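Proteins get letters first, then strands, A, B, ... in listed order; numbering begins at 1 in each. Note that the structure is a prediction, hence the values are computed from the model and not measured.
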There are 2 protein chains.
Amino acid sequence: MEPSLTGLRVLREIAERGSFTAAATELGYTQSAVSRQAAALERATGQRLFDRQAGGVTLTAAGLTLLRHAVVALDAVAAADRELKGLPPERGTVRLGTFPSAGVLILPRALAALRRTHPRIGVTTREATTPALVRALRARTIDLAILASRPPHRPLDDQAPPLEYLTLSETTLLLAVPAGSALAAEDAVELEALADQDWIAGPSSAAEPAMGVWPGAPGRPRIVHTARDWLTKLHLVAAGCGITTVPPGLADAVPPGVRLVEVQGGPAERRRVVLARLPGPCPPAATEIIRALRQEAARQPG
Amino acid sequence: MEPSLTGLRVLREIAERGSFTAAATELGYTQSAVSRQAAALERATGQRLFDRQAGGVTLTAAGLTLLRHAVVALDAVAAADRELKGLPPERGTVRLGTFPSAGVLILPRALAALRRTHPRIGVTTREATTPALVRALRARTIDLAILASRPPHRPLDDQAPPLEYLTLSETTLLLAVPAGSALAAEDAVELEALADQDWIAGPSSAAEPAMGVWPGAPGRPRIVHTARDWLTKLHLVAAGCGITTVPPGLADAVPPGVRLVEVQGGPAERRRVVLARLPGPCPPAATEIIRALRQEAARQPG
DNA sequence: GGCTGGTATGCCTGACTGTCATGGAGCCCT
DNA sequence: AGGGCTCCATGACAGTCAGGCATACCAGCC
């Protein structure tokens with residue numbers, strides 16, 4: 001037997017989403033259909049391709065090799081489709097994945113600079129969580145990923161081949177407080193002052209410590225709002241609804257009524273913005289984007 | 001809708017065989033199945049892919065572009081299959097197609113030389129008719145083809161992109177006669193002496209003038225034997241059953257009882273041995289084979 | 001005008017690929 | 001420890017599709 005094209009597409013989606021169910025909803029299938037397709041693939045290849053663990057699925061080594069070839073095949077039929085429709089053959093466009101807050105300042109500036117110097121290079125971007133971006137890199141659905149990393153800066157997965165990382169900038173975390181509040185009186189506040197505060201956090205996932213709350217703040221954080229969007233969070237802060245953490249890259253973008261202060265007395269909260277890609281030859285369009293991103297990152301030091 | 005993998009495989013086979021029926025028998029299908037697959041492909045792409053003419057099928061421009069991508073996809077899944085089975089990933093092996101008599105001397109010597117200088121390069125060969133080889137080149141089922149060409153040396157098909165040709169050697173035809181016969185008395189015979197002779201021809205096809213009979217020989221040739229195999233033909237000559245034409249490359253291989261003579265008085269019968277390939281980058285293994293073939297061709301001048 | 005290549009198509013069956021509904025295994029939180 | 005959640009597997013079923021078979025059709029050729 002032989003793997004089918006839809007089987008390969010399902011494989012790619014599973015690799016990218018990290019779970020059968022997510023892949024199913026993404027493809028418009030039922031979870032059971034995806035499960036069957038996965039089983040059919042394993043039957044066709046005669047090997048275990050998926051590591052079913054609680055909470056998701058990762059690809060085995062065999063699954064990764066099949067994925068590598070599957071991407072080639074799927075891209076070929078997609079290219080055929082485009083070419084037969086008379087569309088240009090997708091030349092030189094780079095697919096970029098970013099973690100949510102990268103899209104606020106670094107990315108648009110770098111892209112604007114790139115468009116000035118290399119107007120022919122096409123870029124598409126996609127926002128997603130860090131693990132989703134890592135999976136998308138491995139599924140070759142994106143070419144480059146801008147990720148956030150906190151110490152200790154470990155590799156983001158342990159699959160082979162290891163990803164290549166390039167640090168764009170290294171920053172320290174800031175605290176956004178309402179302009180009129182007591183916390184805004186000085187340029188820096190003490191860690192102890194953060195006890196008994198209302199916090200505005202990001203979408204809280206069970207695994208990660210809630211983004212937006214200062215790590216190591218004393219006491220139990222009282223999360224009163226959660227919002228994905230930076231602008232929402234900052235306006236909540238301006239409205240006096242709470243405080244939250246922000247990367248310094250946003251310094252130029254804070255609305256009136258919000259003040260950014262440093263936090264003293266705890267361990268320095270250093271974050272890295274990291275560019276990740278699969279090892280291997282780098283197409284020229286991608287190197288140009290990397291250059292533009294590094295230049296822009298250097299321009300606004302953390 | 002989307003073309004299926006089997007559809008693409010059928011497309012490749014049609015391109016290579018030049019007819020639905022031939023593709024069907026090759027794939028173990030019925031002709032009707034192939035016809036339906038072809039129709040499904042055209043439905044999926046929304047374009048006419050095949051030019052149905054009497055006596056066979058050629059690909060349209062759209063068919064050729066689809067074929068180009070189809071080959072990539074099919075190779076990808078084949079490579080995945082190999083790799084998952086633990087086989088080496090088919091690196092550097094070149095698929096060579098030859099016309100029947102190339103296999104006698106040029107090819108084995110060139111391959112022997114190549115194995116001495118580059119033992120790592122793998123070569124597979126396949127013998128077929130000239131049009132089949134041209135189609136196989138276009139279907140990317142072979143990488144290189146050794147073809148025979150007679151004047152006027154036109155391109156062997158009119159599809160795009162045009163094939164690249166490289167003349168390996170240019171020879172003049174010889175006549176194989178029984179050693180004891182009257183024709184063997186001199187080094188050369190007159191064209192008129194070829195009237196009223198028994199001829200040993202190749203498999204006669206309706207389209208081509210029978211191979212083996214001297215072109216322009218006076219009178220109607222009397223074909224008493226037909227044989228594909230060179231050794232068979234030469235032994236028939238040795239047995240006095242008739243005479244036939246041979247390329248001079250076989251000079252070293254004639255069995256006792258056979259003499260090779262030239263023919264005077266007619267137009268020179270010049271043949272070329274031509275190496276053909278699709279335009280585009282040439283993998284290093286292929287260039288090595290080309291080098292070996294040219295070297296061997298130069299060693300035994302026609 | 002029959003014959004010999006070739007392709008297209010109506011009819012049928014078996015397989016496959018989906019959905020629906022249900023069951024079972026971990027993990028987390030209380 | 002147990003309830004609840006999220007995940008994957010699987011039995012039953014239906015619609016579709018891809019094959020085979022038989023036949024019709026078409027063009028060139030003797």
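No contact: A/V34 has no heavy atom under 4.0 Å from any strand. Residue B/G28 is in sugar-phosphate contact alone, with no base atom involved, counting any heavy-atom pair closer than 4.0 Å across all strands shown. Base contact: B/S35 has a heavy atom under 4.0 Å from a base atom. Residue A/S32 is in base contact, counting any heavy-atom pair closer than 4.0 Å across all strands shown.
Comment: B/R9 engages A/E2 in a salt bridge, judged by a side-chain N to carboxylate O separation of less than 4.0 angstrom. Remark: B/R138 does not engage B/E16 in a salt bridge, criterion side-chain N to carboxylate O under 4.0 Å. Salt-bridge formation is detected for the pair B/D51/B/R48: a Lys NZ or Arg NE/NH1/NH2 atom is positioned less than 4.0 Å from an Asp or Glu carboxylate oxygen.
Atom pair B/E2:CD and C/dT17:P shows a separation of 14 Å (rounding to whole Å applied). The nearest whole Å value for the distance from the CG atom in A/L27 to the P atom in C/dT17 is 15 Å. Following rounding to the nearest Å, A/L49 (CG) and D/dA9 (C1') show an atom-to-atom distance of 16 Å. If you take CD of A/Q53 and C1' of D/dA9, they are 17 Å apart, rounded to a whole angstrom. Distance, A/Q37 CD to C/dA15 C1': 14 Å, rounded to whole Å. The CZ atom of B/R52 sits 8 Å away from the C1' atom of C/dT7 (whole-angstrom rounding). At whole-Å resolution of the value, CD in A/Q31 and C1' in D/dT10 are 10 Å apart. A straight line from CG of A/L8 to P of C/dT17 spans 12 Å, rounded to a whole angstrom.
In this structure the side chain of B/F20 never reaches within 4.5 angstrom of the side chain of B/V10, judged on heavy atoms. With contacts defined as side-chain heavy-atom distances shorter than 4.5 Å, the pair A/L96/A/R126 does not qualify.
For B/R36 against C/dG10, a side-chain N or O and a base N or O form a donor-acceptor pair under 3.5 Å. Side-chain to base pairing of A/T21 with D/dC8: no donor and acceptor N or O lie closer than 3.5 Å to each other. The base of D/dC8 lies outside donor-acceptor range of the side chain of A/S19, with no N or O pair under 3.5 Å.
Of the listed nucleotides (D/dG19, C/dT9, C/dT7), D/dG19 has the atom at the smallest distance from the side chain of B/Y29. When the nucleotides D/dC21, C/dT7, C/dG18 are ranked by their closest atom to the side chain of A/T6, C/dG18 comes out on top. Residue A/T30 places its side chain closer to C/dT19 than to any other of D/dG20, C/dT19, D/dC8.
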